[in-house]
Amino acid sequence: MSVPVGAYCDGRQVGFARVVTDFIAIAYIADVFVDPDYRRRGIASLMLDALHGHPDIARVKRWMLATHDMQPVYRQHGYEDLNATIMVRLEEAADDRGPLR
């Protein structure tokens, strides 16, 4: 299953992000895109915050993604490098969250 988020400005969509997840064990950030005219405004970070805070994904402990060029943004959100393109984030607090509804 995937959970998408969008970013909108001036009545138009300027960003999109999507996580593929089983809602328990893993969440994979599959797509993060921001319109070139709207980059460097923190839009990608806001979309990541929305995904990380989404109540349906609250119990997921392992987050992963692949990127060739945006490692600094993901590091700000708790991701660590596994190699040149793969990054992971462990959400330790996920174990303490209540059951899915």
Side-chain angles (χ1 to χ4, degrees):
M1 176 74 87
S2 67
V3 177
V5 296
Y8 299 84
C9 186
D10 301 324
R12 66 183 275 238
Q13 186 170 6
V14 298
F16 176 83
R18 176 174 67 107
V19 64
V20 178
T21 182
D22 62 2
F23 299 102
I24 298 293
I26 193 160
Y28 179 78
I29 306 255
D31 302 295
V32 177
F33 177 79
V34 176
D35 182 305
D37 293 337
Y38 289 83
R39 290 181 183 164
R40 298 181 126 352
R41 299 182 188 189
I43 293 170
S45 288
L46 290 171
M47 291 189 298
L48 287 171
D49 289 341
L51 289 171
H52 292 144
H54 196 289
D56 291 345
I57 315 172
R59 296 209 27 93
V60 173
K61 187 170 185 172
R62 288 167 217 81
W63 290 72
M64 296 186 71
L65 61 90
T67 184
H68 290 284
D69 58 357
M70 295 305 296
Q71 287 87 345
V73 171
Y74 295 110
R75 285 186 196 116
Q76 291 174 349
H77 290 272
Y79 287 85
E80 297 179 9
D81 300 279
L82 287 182
N83 62 34
T85 58
I86 305 296
M87 301 183 81
V88 67
R89 168 186 159 142
L90 296 179
E91 184 66 50
E92 299 297 335
D95 291 337
D96 300 329
R97 296 191 178 128
L100 295 175
R101 297 174 194 218

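Just so you know, these numbers use all the heavy atoms, side chains as well, and skip hydrogens, waters and symmetry mates.
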Novice: Quick one: NE2 on His77 to CZ on Arg89, what's the gap to the nearest 0.5 Å?
Specialist: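 Rounded to the nearest 0.5 Å, the NE2-CZ separation comes out at 8.5 Å.
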
Novice: Check for me, please, whether Val3 and Val60 land in the same ILVMFWY cluster - side-chain distances under 4.5 Å, paths through other members count.
Specialist: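 In one cluster with Val3: Val60, yes.
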
Novice: Just jot down the ring-ring contact (aromatic ring centres under 6.0 Å, His included) partners of Tyr79, sequence neighbours excluded, or say none.
Specialist: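 Only His52, Tyr74 meet the ring-ring contact (aromatic ring centres under 6.0 Å, His included) criterion with Tyr79.
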
Novice: Identify whether Val14 and Val5 are in the same connected component of the hydrophobic contact network (ILVMFWY, side-chain heavy atoms under 4.5 Å).
Specialist: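 Both belong to a single hydrophobic cluster.
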
Novice: Between Gln13 and Gly6, which heavy-atom pair has the shortest distance, and what is it?
Specialist: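 That would be NE2-CA, 4.1 Å.
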
Novice: Tell me, please, which residues at least two apart from Pro72 pass side chain to side chain contact (heavy atoms under 4.5 Å, CB included).
Specialist: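 Arg75.
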
Novice: Can you confirm whether Glu80 is buried at CD, in the sense that more than 12 heavy atoms of other residues, nucleotides or ligands lie under 6.0 Å from that atom?
Specialist: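 No, CD of Glu80 has 12 or fewer neighbouring heavy atoms, counting only those of other groups under 6.0 Å.
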
Novice: Please determine whether residues Met70 and Met47 belong to a single hydrophobic cluster, defined as Ile, Leu, Val, Met, Phe, Trp and Tyr linked transitively by side-chain heavy-atom distances below 4.5 Å.
Specialist: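 Same cluster.
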
Novice: To the nearest 0.5 Å, tell me how far Met1 CE sits from Asp22 CG.
Specialist: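 Separation between the atoms: 11.5 Å.
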
Novice: Distance check, rounded to the nearest 0.5 Å: Trp63 atom CH2 versus Met87 atom CE?
Specialist: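 It is 14.5 Å, given to the nearest 0.5 Å.
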
Novice: Shared ILVMFWY cluster between Val20 and Met64, side chains joined below 4.5 angstrom?
Specialist: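 No, Val20 does not connect to Met64 through the hydrophobic network.
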
Novice: Could you state the interatomic distance from CG (Leu65) to CD1 (Ile86), rounded to the nearest 0.5 Å?
Specialist: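 So the gap between those two atoms works out to 7.5 Å.
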
Novice: Quick one: NE2 on His54 to OG1 on Thr21, what's the gap to the nearest 0.5 Å?
Specialist: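 Rounded to the nearest 0.5 Å, the NE2-OG1 separation comes to 10.5 Å.
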
Novice: Mind listing the side-chain donor-acceptor pairs of residues 24-36 below 3.5 Å, one per line with the distance, residues two or more places apart or on another chain?
Specialist:
unit_1	atom_1	unit_2	atom_2	d
Asp31	OD2	Arg18	NE	2.7
Asp31	OD2	Arg18	NH2	2.8
Asp35	OD1	Asp37	N	2.7
Asp35	OD2	Arg12	NH2	2.7

Novice: Side-chain contact test, heavy atoms from C-beta onward, threshold under 4.5 Å: evaluate it for Val73 versus Thr67 and give yes or no.
Specialist: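 Side-chain contact under 4.5 Å: no.
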
